[in-house]
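Order of listing sets the numbers, starting from 1, for every ligand and every atom in it.
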Amino acid sequence: MKHTQDYINANKERFLNELLHLLRIPSVSADPAYKDDVRRTAEFVSESLKSAGCSRVEIYPTKGHPIVYGEHIIDSTLPTVLVYGHYDVQPPDPLDLWHSPPFEPVIKKTDIHPDGAIFARGSCDDKGQMFMHVKAFEAMIRSGNLPCNVKFMIEGEEEIGSDNLGVFCNEYKDMLTCDVVLISDTSVIANDIPSITVGLRGLSYVEVEVTGPNKDLHSGVYGGAVGNPLNVLCDMIASLKDENRHITIPGFYDDVVEVSAQERAEMNKAPFDRNEYMKGLGIQDTQGEKGYTILEQTSIRPTLEINGMWGGYIGEGAKTVLPSKAYAKFSMRLVPNQSSDKITNLFKEYFESIAPPCVKVVVKPHHGGEPAVTPSDTPEYMAAARAMEATYGKTPIPVRGGGSIPIVALFEKVLGVKTVLMGFGLDSDDIHSPNEHYGLFNYYKGIETIPYFYQYYAELKK
Ligand code: BES
Ligand code: MN
Ligand code: MN
(Lines give C-alpha, C1' and ligand atoms only; values in the text may rest on other atoms or scores of the structure.)
(Ligands and ions follow the chains in the order given, each with its own letter.)
Protein backbone atom coordinates (compact mmCIF):
# COMPACT_ATOMS: atom_id res chain seq x y z
CA MET A 1 0.00 0.00 0.00
CA LYS A 2 2.87 2.34 0.73
CA HIS A 3 4.03 2.08 -2.88
CA THR A 4 0.54 2.90 -4.14
CA GLN A 5 0.33 6.00 -1.94
CA ASP A 6 3.87 7.01 -3.01
CA TYR A 7 2.84 6.70 -6.64
CA ILE A 8 -0.21 8.90 -5.98
CA ASN A 9 1.92 11.51 -4.23
CA ALA A 10 4.43 11.55 -7.04
CA ASN A 11 1.73 12.05 -9.69
CA LYS A 12 -0.67 14.51 -8.08
CA GLU A 13 -0.07 17.32 -10.50
CA ARG A 14 -0.59 15.16 -13.58
CA PHE A 15 -3.75 13.62 -12.05
CA LEU A 16 -5.12 17.12 -11.68
CA ASN A 17 -4.17 18.24 -15.18
CA GLU A 18 -5.81 15.20 -16.72
CA LEU A 19 -9.04 15.93 -14.85
CA LEU A 20 -8.94 19.55 -16.02
CA HIS A 21 -8.68 18.28 -19.57
CA LEU A 22 -11.72 16.06 -19.09
CA LEU A 23 -13.68 18.98 -17.62
CA ARG A 24 -13.01 21.09 -20.71
CA ILE A 25 -15.14 18.80 -22.91
CA PRO A 26 -18.77 19.89 -22.53
CA SER A 27 -20.57 16.54 -22.22
CA VAL A 28 -24.11 17.82 -21.71
CA SER A 29 -26.26 14.74 -22.29
CA ALA A 30 -29.63 16.51 -22.29
CA ASP A 31 -28.91 18.80 -25.24
CA PRO A 32 -28.49 17.21 -28.72
CA ALA A 33 -26.25 20.13 -29.72
CA TYR A 34 -23.50 18.57 -27.56
CA LYS A 35 -23.72 15.09 -29.10
CA ASP A 36 -20.20 15.18 -30.59
CA ASP A 37 -18.72 16.55 -27.38
CA VAL A 38 -20.36 13.74 -25.44
CA ARG A 39 -18.76 11.23 -27.82
CA ARG A 40 -15.37 12.95 -27.50
CA THR A 41 -15.69 12.66 -23.74
CA ALA A 42 -16.37 8.92 -24.03
CA GLU A 43 -13.22 8.67 -26.15
CA PHE A 44 -11.21 10.56 -23.56
CA VAL A 45 -12.44 8.24 -20.80
CA SER A 46 -11.68 5.21 -22.94
CA GLU A 47 -8.11 6.44 -23.63
CA SER A 48 -7.63 7.16 -19.92
CA LEU A 49 -8.64 3.63 -19.00
CA LYS A 50 -6.27 2.22 -21.59
CA SER A 51 -3.30 4.28 -20.48
CA ALA A 52 -4.11 3.54 -16.83
CA GLY A 53 -3.54 -0.12 -17.62
CA CYS A 54 -6.91 -1.72 -18.44
CA SER A 55 -6.35 -4.78 -20.58
CA ARG A 56 -9.62 -4.42 -22.50
CA VAL A 57 -11.49 -1.19 -23.17
CA GLU A 58 -14.39 -0.70 -25.51
CA ILE A 59 -16.86 2.03 -26.35
CA TYR A 60 -20.34 0.60 -26.77
CA PRO A 61 -22.64 2.76 -28.87
CA THR A 62 -26.29 2.91 -27.72
CA LYS A 63 -29.44 4.50 -29.11
CA GLY A 64 -28.31 7.52 -27.14
CA HIS A 65 -24.83 8.31 -25.81
CA PRO A 66 -22.07 5.68 -25.69
CA ILE A 67 -21.07 3.55 -22.70
CA VAL A 68 -17.38 3.10 -21.92
CA TYR A 69 -16.51 -0.36 -20.64
CA GLY A 70 -13.11 -1.45 -19.42
CA GLU A 71 -11.83 -4.46 -17.55
CA HIS A 72 -8.73 -5.82 -15.97
CA ILE A 73 -9.06 -9.43 -14.90
CA ILE A 74 -6.01 -10.68 -13.07
CA ASP A 75 -7.23 -13.89 -11.39
CA SER A 76 -10.63 -15.53 -11.62
CA THR A 77 -10.42 -16.60 -7.98
CA LEU A 78 -10.20 -13.00 -6.77
CA PRO A 79 -13.29 -10.85 -6.18
CA THR A 80 -14.41 -8.50 -8.95
CA VAL A 81 -15.28 -4.85 -8.35
CA LEU A 82 -17.47 -3.09 -10.91
CA VAL A 83 -16.88 0.65 -10.88
CA TYR A 84 -19.80 2.68 -12.14
CA GLY A 85 -19.69 6.39 -12.90
CA HIS A 86 -21.00 8.91 -15.40
CA TYR A 87 -19.11 11.21 -17.74
CA ASP A 88 -22.16 13.25 -18.75
CA VAL A 89 -23.04 16.48 -16.98
CA GLN A 90 -26.05 18.68 -16.37
CA PRO A 91 -26.64 21.67 -18.65
CA PRO A 92 -24.66 24.63 -17.32
CA ASP A 93 -27.57 27.09 -17.45
CA PRO A 94 -28.10 29.77 -16.27
CA LEU A 95 -24.77 30.83 -17.77
CA ASP A 96 -24.77 34.41 -16.53
CA LEU A 97 -24.61 33.22 -12.92
CA TRP A 98 -21.23 31.51 -13.38
CA HIS A 99 -18.22 33.50 -12.15
CA SER A 100 -16.03 31.71 -14.70
CA PRO A 101 -17.07 29.76 -17.82
CA PRO A 102 -18.45 26.30 -16.91
CA PHE A 103 -16.13 24.41 -19.24
CA GLU A 104 -12.98 26.38 -18.50
CA PRO A 105 -12.01 25.02 -15.10
CA VAL A 106 -10.32 27.35 -12.61
CA ILE A 107 -9.00 26.61 -9.13
CA LYS A 108 -10.07 28.97 -6.39
CA LYS A 109 -9.95 28.87 -2.60
CA THR A 110 -13.19 29.06 -0.63
CA ASP A 111 -14.05 29.04 3.09
CA ILE A 112 -14.99 25.38 2.92
CA HIS A 113 -12.14 24.50 0.54
CA PRO A 114 -9.08 26.37 1.86
CA ASP A 115 -6.79 24.19 -0.30
CA GLY A 116 -8.70 25.20 -3.41
CA ALA A 117 -11.57 23.79 -5.44
CA ILE A 118 -11.98 23.18 -9.15
CA PHE A 119 -14.84 25.25 -10.53
CA ALA A 120 -16.40 23.62 -13.60
CA ARG A 121 -19.57 21.81 -14.60
CA GLY A 122 -19.11 18.14 -13.76
CA SER A 123 -16.13 18.74 -11.44
CA CYS A 124 -17.95 16.97 -8.60
CA ASP A 125 -20.92 15.37 -10.42
CA ASP A 126 -19.47 13.12 -11.65
CA LYS A 127 -16.35 13.58 -13.77
CA GLY A 128 -14.12 14.43 -10.81
CA GLN A 129 -15.41 11.58 -8.69
CA MET A 130 -15.43 9.08 -11.55
CA PHE A 131 -11.88 10.01 -12.58
CA MET A 132 -10.58 9.34 -9.04
CA HIS A 133 -11.30 5.68 -9.76
CA VAL A 134 -9.32 5.71 -12.98
CA LYS A 135 -6.36 7.28 -11.22
CA ALA A 136 -6.58 5.02 -8.16
CA PHE A 137 -6.65 2.04 -10.52
CA GLU A 138 -3.60 3.38 -12.36
CA ALA A 139 -1.78 3.80 -9.05
CA MET A 140 -2.61 0.25 -7.94
CA ILE A 141 -1.48 -1.25 -11.24
CA ARG A 142 1.74 0.75 -11.52
CA SER A 143 2.70 -0.02 -7.95
CA GLY A 144 1.93 -3.72 -8.37
CA ASN A 145 -0.82 -3.61 -5.79
CA LEU A 146 -4.10 -4.49 -7.45
CA PRO A 147 -5.81 -7.06 -5.19
CA CYS A 148 -9.10 -7.51 -7.16
CA ASN A 149 -10.37 -7.84 -10.70
CA VAL A 150 -11.81 -4.57 -11.92
CA LYS A 151 -14.53 -3.66 -14.40
CA PHE A 152 -15.41 -0.10 -15.32
CA MET A 153 -18.76 0.93 -16.71
CA ILE A 154 -18.87 4.67 -17.31
CA GLU A 155 -22.02 5.95 -18.94
CA GLY A 156 -23.08 9.16 -20.67
CA GLU A 157 -26.78 9.31 -19.82
CA GLU A 158 -27.05 9.36 -16.02
CA GLU A 159 -28.35 12.91 -15.96
CA ILE A 160 -31.14 11.98 -18.39
CA GLY A 161 -32.33 8.79 -16.76
CA SER A 162 -29.88 6.01 -17.82
CA ASP A 163 -32.47 4.38 -20.09
CA ASN A 164 -29.93 2.85 -22.45
CA LEU A 165 -27.73 1.65 -19.60
CA GLY A 166 -30.65 -0.45 -18.39
CA VAL A 167 -30.84 -2.09 -21.82
CA PHE A 168 -27.05 -2.56 -21.85
CA CYS A 169 -26.99 -4.23 -18.41
CA ASN A 170 -29.61 -6.74 -19.50
CA GLU A 171 -27.84 -7.47 -22.75
CA TYR A 172 -24.34 -7.80 -21.26
CA LYS A 173 -25.28 -9.39 -17.95
CA ASP A 174 -22.55 -12.02 -18.27
CA MET A 175 -19.81 -9.58 -19.14
CA LEU A 176 -20.78 -7.47 -16.12
CA THR A 177 -20.67 -10.29 -13.56
CA CYS A 178 -19.11 -8.95 -10.36
CA ASP A 179 -19.17 -9.21 -6.58
CA VAL A 180 -19.92 -5.59 -5.84
CA VAL A 181 -20.60 -2.26 -7.54
CA LEU A 182 -18.53 0.69 -6.32
CA ILE A 183 -19.76 4.23 -7.00
CA SER A 184 -18.46 7.66 -6.07
CA ASP A 185 -21.32 9.99 -6.98
CA THR A 186 -22.54 11.11 -3.55
CA SER A 187 -21.18 13.22 -0.72
CA VAL A 188 -19.60 13.14 2.73
CA ILE A 189 -21.02 15.21 5.62
CA ALA A 190 -17.90 17.39 5.78
CA ASN A 191 -14.21 17.10 5.02
CA ASP A 192 -13.55 16.20 8.65
CA ILE A 193 -16.74 14.11 9.04
CA PRO A 194 -16.62 11.17 6.62
CA SER A 195 -19.84 9.35 5.80
CA ILE A 196 -21.07 6.59 3.53
CA THR A 197 -24.41 6.79 1.74
CA VAL A 198 -26.63 3.82 2.59
CA GLY A 199 -29.72 4.72 0.62
CA LEU A 200 -30.94 6.81 -2.29
CA ARG A 201 -34.38 8.09 -3.12
CA GLY A 202 -36.28 7.09 -6.22
CA LEU A 203 -37.77 9.53 -8.68
CA SER A 204 -41.00 10.12 -10.51
CA TYR A 205 -40.91 13.01 -12.96
CA VAL A 206 -43.94 14.45 -14.76
CA GLU A 207 -44.83 17.42 -16.88
CA VAL A 208 -48.31 18.91 -17.10
CA GLU A 209 -50.00 21.01 -19.74
CA VAL A 210 -53.13 22.96 -18.84
CA THR A 211 -55.18 24.36 -21.72
CA GLY A 212 -57.95 26.90 -21.31
CA PRO A 213 -59.31 29.03 -24.18
CA ASN A 214 -58.31 28.11 -27.73
CA LYS A 215 -56.09 31.22 -28.05
CA ASP A 216 -54.43 33.90 -25.93
CA LEU A 217 -56.99 36.53 -24.90
CA HIS A 218 -57.08 40.18 -23.80
CA SER A 219 -57.02 39.97 -20.00
CA GLY A 220 -59.40 42.93 -19.70
CA VAL A 221 -61.94 41.89 -22.29
CA TYR A 222 -62.17 38.24 -21.12
CA GLY A 223 -60.53 38.28 -17.67
CA GLY A 224 -62.93 37.61 -14.80
CA ALA A 225 -65.03 35.17 -16.77
CA VAL A 226 -62.76 32.79 -18.63
CA GLY A 227 -60.70 30.32 -16.58
CA ASN A 228 -57.03 31.36 -16.73
CA PRO A 229 -54.86 28.23 -17.09
CA LEU A 230 -52.06 29.76 -15.02
CA ASN A 231 -54.43 30.59 -12.15
CA VAL A 232 -56.03 27.17 -12.42
CA LEU A 233 -52.62 25.48 -12.43
CA CYS A 234 -51.65 27.41 -9.27
CA ASP A 235 -54.88 26.33 -7.53
CA MET A 236 -54.32 22.73 -8.52
CA ILE A 237 -50.72 22.73 -7.37
CA ALA A 238 -51.63 24.41 -4.07
CA SER A 239 -54.07 21.61 -3.34
CA LEU A 240 -51.37 18.94 -3.70
CA LYS A 241 -50.18 19.57 -0.12
CA ASP A 242 -52.12 20.18 3.08
CA GLU A 243 -51.31 22.60 5.92
CA ASN A 244 -48.74 20.14 7.33
CA ARG A 245 -47.18 19.84 3.90
CA HIS A 246 -48.24 16.25 3.57
CA ILE A 247 -48.90 15.32 -0.03
CA THR A 248 -52.63 14.91 -0.65
CA ILE A 249 -52.52 12.57 -3.64
CA PRO A 250 -54.63 9.58 -2.52
CA GLY A 251 -52.46 6.52 -1.95
CA PHE A 252 -49.20 8.48 -2.20
CA TYR A 253 -47.87 7.21 1.14
CA ASP A 254 -49.39 3.72 0.98
CA ASP A 255 -46.17 1.86 0.23
CA VAL A 256 -43.80 4.04 2.27
CA VAL A 257 -41.78 2.01 4.74
CA GLU A 258 -41.91 3.95 8.01
CA VAL A 259 -38.49 4.13 9.60
CA SER A 260 -38.37 2.91 13.21
CA ALA A 261 -38.09 5.41 16.06
CA GLN A 262 -34.73 3.90 16.94
CA GLU A 263 -33.37 4.30 13.43
CA ARG A 264 -34.65 7.87 13.29
CA ALA A 265 -32.97 8.69 16.59
CA GLU A 266 -29.75 7.18 15.24
CA MET A 267 -29.89 9.15 11.98
CA ASN A 268 -30.53 12.42 13.79
CA LYS A 269 -27.28 11.98 15.71
CA ALA A 270 -25.40 12.88 12.53
CA PRO A 271 -23.78 16.29 12.93
CA PHE A 272 -26.10 18.93 11.50
CA ASP A 273 -26.39 22.63 12.26
CA ARG A 274 -29.73 24.08 11.20
CA ASN A 275 -28.52 27.66 11.43
CA GLU A 276 -25.43 27.00 9.36
CA TYR A 277 -27.64 25.19 6.84
CA MET A 278 -29.96 28.18 6.51
CA LYS A 279 -27.09 30.66 6.46
CA GLY A 280 -25.42 28.77 3.62
CA LEU A 281 -28.63 29.02 1.60
CA GLY A 282 -29.51 32.60 2.54
CA ILE A 283 -32.88 31.65 4.05
CA GLN A 284 -34.51 32.66 7.35
CA ASP A 285 -36.55 29.50 7.80
CA THR A 286 -37.16 26.13 6.24
CA GLN A 287 -40.50 24.73 5.14
CA GLY A 288 -40.81 20.98 5.29
CA GLU A 289 -43.20 18.23 6.16
CA LYS A 290 -44.42 18.55 9.74
CA GLY A 291 -43.17 15.99 12.22
CA TYR A 292 -39.78 15.37 10.61
CA THR A 293 -36.33 16.90 10.98
CA ILE A 294 -34.48 18.40 8.03
CA LEU A 295 -32.25 15.32 7.84
CA GLU A 296 -35.37 13.16 7.65
CA GLN A 297 -37.19 15.44 5.22
CA THR A 298 -34.27 15.17 2.82
CA SER A 299 -33.72 11.42 3.07
CA ILE A 300 -36.44 9.14 4.42
CA ARG A 301 -39.52 11.12 3.32
CA PRO A 302 -41.00 11.34 -0.17
CA THR A 303 -41.40 14.80 -1.68
CA LEU A 304 -43.15 16.70 -4.44
CA GLU A 305 -41.38 19.74 -5.91
CA ILE A 306 -42.12 21.99 -8.86
CA ASN A 307 -38.99 22.18 -11.02
CA GLY A 308 -40.28 24.71 -13.52
CA MET A 309 -43.47 26.54 -14.38
CA TRP A 310 -44.28 28.73 -17.32
CA GLY A 311 -46.95 30.21 -19.53
CA GLY A 312 -48.26 33.61 -20.61
CA TYR A 313 -45.97 36.57 -21.02
CA ILE A 314 -42.52 36.37 -19.47
CA GLY A 315 -40.68 38.94 -21.60
CA GLU A 316 -39.65 42.48 -20.67
CA GLY A 317 -42.30 44.86 -19.36
CA ALA A 318 -45.99 44.14 -19.09
CA LYS A 319 -48.41 42.48 -21.46
CA THR A 320 -52.05 42.10 -20.49
CA VAL A 321 -52.76 38.61 -21.65
CA LEU A 322 -54.94 35.76 -20.47
CA PRO A 323 -52.89 32.82 -21.77
CA SER A 324 -54.28 29.81 -23.52
CA LYS A 325 -51.82 27.41 -21.90
CA ALA A 326 -49.84 26.86 -18.73
CA TYR A 327 -47.15 24.29 -17.93
CA ALA A 328 -45.26 22.84 -15.00
CA LYS A 329 -42.66 20.15 -14.37
CA PHE A 330 -42.65 18.18 -11.12
CA SER A 331 -40.21 15.82 -9.47
CA MET A 332 -41.33 13.48 -6.73
CA ARG A 333 -38.59 11.82 -4.67
CA LEU A 334 -39.52 8.37 -3.51
CA VAL A 335 -38.44 6.24 -0.57
CA PRO A 336 -38.02 2.49 -0.20
CA ASN A 337 -40.90 0.37 -1.37
CA GLN A 338 -42.56 3.16 -3.36
CA SER A 339 -42.70 2.42 -7.07
CA SER A 340 -41.92 5.08 -9.62
CA ASP A 341 -44.54 3.90 -12.14
CA LYS A 342 -47.21 3.57 -9.49
CA ILE A 343 -46.59 7.08 -8.12
CA THR A 344 -46.53 8.53 -11.63
CA ASN A 345 -49.93 6.93 -12.29
CA LEU A 346 -51.36 8.11 -8.98
CA PHE A 347 -50.23 11.64 -9.78
CA LYS A 348 -51.69 11.49 -13.27
CA GLU A 349 -55.08 10.16 -12.17
CA TYR A 350 -55.37 12.60 -9.30
CA PHE A 351 -54.17 15.66 -11.21
CA GLU A 352 -56.58 14.97 -14.03
CA SER A 353 -59.41 14.37 -11.53
CA ILE A 354 -59.00 17.75 -9.82
CA ALA A 355 -59.01 19.75 -13.06
CA PRO A 356 -62.04 22.04 -13.21
CA PRO A 357 -64.20 21.76 -16.37
CA CYS A 358 -62.91 25.10 -17.73
CA VAL A 359 -59.53 23.55 -18.64
CA LYS A 360 -58.10 20.42 -20.22
CA VAL A 361 -55.13 18.79 -18.48
CA VAL A 362 -52.55 16.50 -20.01
CA VAL A 363 -49.98 14.78 -17.76
CA LYS A 364 -46.86 13.54 -19.48
CA PRO A 365 -44.57 11.12 -17.57
CA HIS A 366 -40.80 11.53 -17.95
CA HIS A 367 -38.03 9.19 -16.78
CA GLY A 368 -38.10 7.81 -13.27
CA GLY A 369 -36.16 5.49 -11.04
CA GLU A 370 -36.55 3.26 -8.04
CA PRO A 371 -35.16 3.98 -4.57
CA ALA A 372 -32.34 1.87 -3.19
CA VAL A 373 -30.99 0.84 0.18
CA THR A 374 -27.41 -0.30 0.59
CA PRO A 375 -27.03 -2.07 3.93
CA SER A 376 -24.21 -1.28 6.36
CA ASP A 377 -23.53 -4.85 7.50
CA THR A 378 -21.94 -6.17 4.33
CA PRO A 379 -18.26 -6.85 3.50
CA GLU A 380 -18.35 -4.01 0.95
CA TYR A 381 -19.65 -1.51 3.50
CA MET A 382 -17.05 -2.64 6.02
CA ALA A 383 -14.30 -2.34 3.40
CA ALA A 384 -15.42 1.20 2.54
CA ALA A 385 -15.70 2.14 6.22
CA ARG A 386 -12.23 0.83 6.99
CA ALA A 387 -10.80 2.54 3.92
CA MET A 388 -12.19 5.89 5.04
CA GLU A 389 -10.95 5.25 8.55
CA ALA A 390 -7.47 4.72 7.13
CA THR A 391 -7.40 8.04 5.27
CA TYR A 392 -9.64 10.30 7.40
CA GLY A 393 -8.67 8.85 10.76
CA LYS A 394 -12.36 8.64 11.69
CA THR A 395 -15.11 6.06 11.33
CA PRO A 396 -17.57 7.18 8.64
CA ILE A 397 -21.22 7.70 9.58
CA PRO A 398 -23.86 5.84 7.53
CA VAL A 399 -26.37 8.30 6.04
CA ARG A 400 -29.34 8.03 3.71
CA GLY A 401 -29.00 10.30 0.69
CA GLY A 402 -31.72 12.47 -0.79
CA GLY A 403 -30.70 12.31 -4.45
CA SER A 404 -31.26 9.51 -6.93
CA ILE A 405 -29.07 7.17 -8.93
CA PRO A 406 -31.74 4.99 -10.51
CA ILE A 407 -29.28 2.47 -11.88
CA VAL A 408 -28.41 1.26 -8.36
CA ALA A 409 -31.79 -0.50 -7.98
CA LEU A 410 -31.30 -1.96 -11.43
CA PHE A 411 -27.86 -3.37 -10.61
CA GLU A 412 -29.47 -5.27 -7.79
CA LYS A 413 -32.30 -6.52 -9.96
CA VAL A 414 -30.32 -7.44 -13.08
CA LEU A 415 -26.85 -8.30 -11.76
CA GLY A 416 -27.96 -9.44 -8.30
CA VAL A 417 -25.30 -7.38 -6.56
CA LYS A 418 -25.25 -4.67 -3.94
CA THR A 419 -23.66 -1.28 -4.38
CA VAL A 420 -21.41 0.66 -2.08
CA LEU A 421 -21.81 4.43 -2.36
CA MET A 422 -18.46 5.83 -1.31
CA GLY A 423 -18.75 9.43 -2.45
CA PHE A 424 -16.35 12.29 -1.68
CA GLY A 425 -18.23 15.46 -2.66
CA LEU A 426 -19.88 17.96 -0.33
CA ASP A 427 -23.56 18.91 -0.44
CA SER A 428 -22.39 22.52 -0.75
CA ASP A 429 -20.43 21.82 -3.96
CA ASP A 430 -23.29 23.25 -6.05
CA ILE A 431 -23.86 20.24 -8.28
CA HIS A 432 -26.50 21.00 -10.96
CA SER A 433 -26.11 24.71 -10.04
CA PRO A 434 -23.95 27.52 -11.37
CA ASN A 435 -20.37 27.43 -10.04
CA GLU A 436 -20.24 23.71 -9.37
CA HIS A 437 -16.92 22.89 -7.75
CA TYR A 438 -14.95 20.03 -6.28
CA GLY A 439 -12.31 20.38 -3.58
CA LEU A 440 -8.74 19.39 -4.39
CA PHE A 441 -8.72 17.85 -0.90
CA ASN A 442 -11.74 15.74 -1.91
CA TYR A 443 -10.26 14.69 -5.25
CA TYR A 444 -6.99 13.53 -3.73
CA LYS A 445 -8.70 12.01 -0.68
CA GLY A 446 -10.79 9.90 -3.01
CA ILE A 447 -7.78 8.71 -4.98
CA GLU A 448 -6.00 7.80 -1.74
CA THR A 449 -8.99 6.03 -0.18
CA ILE A 450 -10.04 3.85 -3.12
CA PRO A 451 -6.94 1.54 -3.06
CA TYR A 452 -7.64 0.83 0.64
CA PHE A 453 -11.16 -0.23 -0.34
CA TYR A 454 -9.75 -2.79 -2.76
CA GLN A 455 -7.28 -4.07 -0.21
CA TYR A 456 -9.82 -4.47 2.61
CA TYR A 457 -12.49 -5.83 0.29
CA ALA A 458 -10.12 -8.54 -0.99
CA GLU A 459 -9.20 -9.41 2.60
CA LEU A 460 -12.81 -9.56 3.78
CA LYS A 461 -13.86 -11.74 0.85
CA LYS A 462 -11.10 -14.31 1.46
N1 BES B 1 -24.95 12.31 -8.38
C2 BES B 1 -26.31 12.64 -8.46
C3 BES B 1 -27.17 12.01 -7.39
C4 BES B 1 -26.85 12.37 -5.97
C5 BES B 1 -26.32 13.60 -5.63
C6 BES B 1 -27.10 11.46 -4.99
C7 BES B 1 -26.02 13.89 -4.32
C8 BES B 1 -26.84 11.75 -3.68
C9 BES B 1 -26.29 12.98 -3.34
C10 BES B 1 -26.83 12.22 -9.83
O11 BES B 1 -25.97 12.61 -10.87
C12 BES B 1 -28.14 12.93 -10.11
O13 BES B 1 -28.14 14.12 -10.22
N14 BES B 1 -29.23 12.17 -10.25
C15 BES B 1 -30.49 12.74 -10.62
C16 BES B 1 -31.42 11.66 -11.10
C17 BES B 1 -31.45 11.45 -12.58
C18 BES B 1 -32.53 10.45 -12.94
C19 BES B 1 -31.61 12.71 -13.37
C20 BES B 1 -31.15 13.40 -9.46
O21 BES B 1 -30.98 12.98 -8.30
O22 BES B 1 -31.89 14.36 -9.70
MN1 MN C 1 -24.04 12.11 -10.47
MN1 MN D 1 -26.32 14.79 -11.27
Side-chain angles (χ1 to χ4, degrees), residues 23 27-31 41 64-65 83-93 102 120-133 153-166 181-190 195-207 270 295 298-300 302-308 329-335 340-341 343-344 365-374 398-411 419-434 436-438 442 446:
L23 291 170
S27 50
V28 181
S29 51
D31 185 345
T41 313
H65 301 302
V83 175
Y84 163 82
H86 62 97
Y87 67 80
D88 66 321
V89 301
Q90 285 275 322
D93 315 67
R121 172 57 88 231
S123 54
C124 174
D125 184 12
D126 179 43
K127 284 173 168 172
Q129 297 211 59
M130 173 273 287
F131 206 61
M132 298 177 322
H133 285 271
M153 183 167 63
I154 314 295
E155 72 155 319
E157 298 193 314
E158 196 276 344
E159 299 292 6
I160 52 170
S162 303
D163 282 350
N164 291 303
L165 189 71
V181 177
L182 176 61
I183 305 179
S184 296
D185 194 19
T186 51
S187 40
V188 287
I189 295 175
S195 58
I196 296 176
T197 303
V198 289
L200 292 163
R201 289 195 282 193
L203 181 69
S204 161
Y205 201 104
V206 294
E207 181 170 336
L295 285 176
T298 54
S299 64
I300 57 164
T303 64
L304 184 154
E305 299 290 334
I306 309 169
N307 298 107
K329 290 179 196 278
F330 300 86
S331 62
M332 289 166 275
R333 297 283 167 174
L334 313 178
V335 299
S340 173
D341 283 346
I343 292 296
T344 299
H366 281 267
H367 60 71
E370 306 307 336
V373 266
T374 56
V399 292
R400 295 256 297 254
S404 310
I405 309 177
I407 207 68
V408 172
L410 214 96
F411 287 148
T419 291
V420 52
L421 296 159
M422 190 172 68
F424 294 89
L426 295 180
D427 282 347
S428 57
D429 283 345
D430 291 322
I431 64 171
H432 295 209
S433 296
E436 175 177 353
H437 53 282
Y438 191 42
N442 305 67

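- Atom CG in L200 sits 8.0 Å away from atom CD1 in I183 (nearest 0.5 Å).
- A side-chain N or O of S204 and one of T344 form a donor-acceptor pair less than 3.5 Å apart.
- Look at H86 and the Mn ion (ligand 3): no N/O/S atom of the residue is under 2.8 Å from the metal.
- Nearest N, O or S atom of D125 to the Mn ion (ligand 2): atom OD1.
- Taking every heavy atom of H86 and a limit of under 4.0 angstrom, the matching atoms of ligand 1 come to 11 (O).
- Note that CG of D429 and OG of S187 are 8.0 Å apart. Values are rounded to the nearest 0.5 Å.
- Using a 4.0 angstrom heavy-atom cutoff, G401 does not count as in contact with ligand 1.
- E158 lies apart from the Mn ion (ligand 2) in this respect, since none of its N, O or S atoms is found at a distance under 2.8 Å.
- Among R400, R201, E158, R333, the residue whose heavy atom sits closest to atom 17 (C) of ligand 1 is E158.
- In terms of modelled atom types and a separation under 3.5 Å, the side chain of S184 and the main chain of M422 share a donor-acceptor contact.
- Judged by distance alone, the side chain of E436 and the main-chain N or O of G122 form a donor-acceptor pair under 3.5 Å.
- The minimum heavy-atom distance between G423 and V188, with the atom names listed, is O-CG1, 3.4 Å.
- With a 4.0 Å heavy-atom cut-off, ligand 1 is reached by the side chain of I431 but not by its N, CA, C or O.
- Only the side chain of H367 comes within contact range of ligand 1, with a heavy atom under 4.0 Å; no backbone atom does.
- The ligand atoms of ligand 1 that sit less than 4.0 angstrom from a heavy atom of D125 are 1 (N), 2 (C), 11 (O), 13 (O).
- In terms of modelled atom types and a separation under 3.5 Å, the side chain of R121 and the main chain of P91 share a donor-acceptor contact.
- Ligand 1 is approached by D185 to a heavy-atom distance shorter than 4.0 Å.
- Remark: distances from the non-hydrogen atoms of P406 to ligand 1 include one below 4.0 Å.
- Looking only at N/O/S atoms, E159 comes nearest to the Mn ion (ligand 3) through OE2.
- For D88 and S27, the side-chain atoms include no donor-acceptor pair closer than 3.5 Å.
- No donor-acceptor contact under 3.5 angstrom links the side chains of N164 and H65, judged on distance only.
- Distance from atom 8 (C) of ligand 1 to its nearest protein heavy atom, with residue and atom name: T186 CG2, 3.7 Å.
- When the options E158, R333, R201, E370 are evaluated for a side chain to side chain donor-acceptor pair (under 3.5 Å) with S404, the one that passes is R333.
- Closest to atom 6 (C) of ligand 1 among all protein heavy atoms lies G403 CA, 3.7 Å.
- Among protein heavy atoms, the minimum distance from atom 16 (C) of ligand 1 is reached at S404 O, 3.6 Å.
- The protein atom (non-hydrogen) at minimum distance from atom 19 (C) of ligand 1 is E159 O, 3.6 Å.
- Ligand 1 lies nowhere less than 4.0 angstrom from a heavy atom belonging to Q90.
- Counting only N and O atoms by type, the side chains of Q129 and D185 include no donor and acceptor under 3.5 Å apart.
- Ligand 1 has H432 within reach: a non-hydrogen atom of the residue lies less than 4.0 Å from it.
- Backbone or side-chain N, O or S atoms of D126 do not reach the Mn ion (ligand 2) at under 2.8 Å.
- No side-chain donor from either of D163 and H367 sits under 3.5 Å from a side-chain acceptor of the other.
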